[in-house]
Amino acid sequence: MKHYIYIITDRNRTNLHVGLCTDMIKTLQFYCDMPTLFFDKAQQLNRLVYFEEMNTEEQAMERFKTMSTFTRAQKEKMIRSVNPDWIDLTIGLKAENNMRVRPYLRPSLGTAKRSIVF
């Protein structure tokens with residue numbers, strides 16, 4: 001199971017929240033469904049600006065503890081190293097998640113019984 005460490009912010013970049021989860025899509029949906037849970041409406045956390053994927057829970061917990069102690073300047077430097085324009089990564093993540101879903105396949109032509117008339 002994959003584990004994710006992420007940084008999410010509001011539209012004005014005033015708050016940088018570090019989090020840990022196993023399902024990034026559900027976590028982002030939670031932030032959208034509960035916009036005023038952590039902050040008031042003006043400071044709604046809704047922009048994913050950074051995330052890392054880890055293979056084990058131990059690695060993820062260690063990285064989360066480390067990132068939680070970072071200063072704001074350190075977090076900003078880390079974000080700018082991979083996302084210099086602070087683009088919301090949620091859109092790309094949702095698109096990638098939709099691509100992983102196996103599309104419905106049409107039945108093979110060999111399995112369909114057809115009569116060919118000449």
What residues form a side chain to side chain donor-acceptor pair (under 3.5 Å) with Glu57, not counting sequence neighbours? none
Sequence neighbours excluded, the answer for salt bridge (Lys or Arg N to Asp or Glu O under 4.0 Å) partners of Glu52 is Arg63
Asn46: what forms a side chain to side chain donor-acceptor pair (under 3.5 Å) with it, not counting sequence neighbours? none
For Asn15, is there any backbone N or O sitting under 3.5 Å from a side-chain donor or acceptor partner on Thr9? yes
Euclidean distance, His3 NE2 relative to Asn55 CG, rounded to 0.5 Å: 9.0 Å
Counterpart residues, side-chain contact (heavy atoms from CB on, under 4.5 Å), relative to Thr71 (two or more places apart): Ala73, Gln74
Mind checking the CG-CZ spacing from Asp85 to Arg80? Nearest 0.5 Å is all I need. 10.0 Å
Atom OH of Tyr6 and atom CG of Leu28: how far apart are they, to the nearest 0.5 Å? 7.5 Å
By salt bridge (Lys or Arg N to Asp or Glu O under 4.0 Å) - contacts of Lys2 (at least two apart): Glu53
Side chains of Thr90 and Asp88: donor-acceptor distance under 3.5 Å anywhere? yes
Given a cutoff of under 4.5 Å between side-chain heavy atoms of I, L, V, M, F, W and Y, with clusters grown through shared members, what are the other residues clustered with Met67? Ile5, Ile7, Leu16, Val18, Leu20, Val49, Tyr50, Met54, Met61, Phe64, Phe70, Met78, Ile79, Val82, Trp86
Could you pull out the closest heavy-atom pair between Asp10 and Thr14, with the gap in Å? OD2-OG1, 2.6 Å
Is there a side-chain contact between His17 and Lys75, using heavy atoms and a 4.5 Å cut-off? no
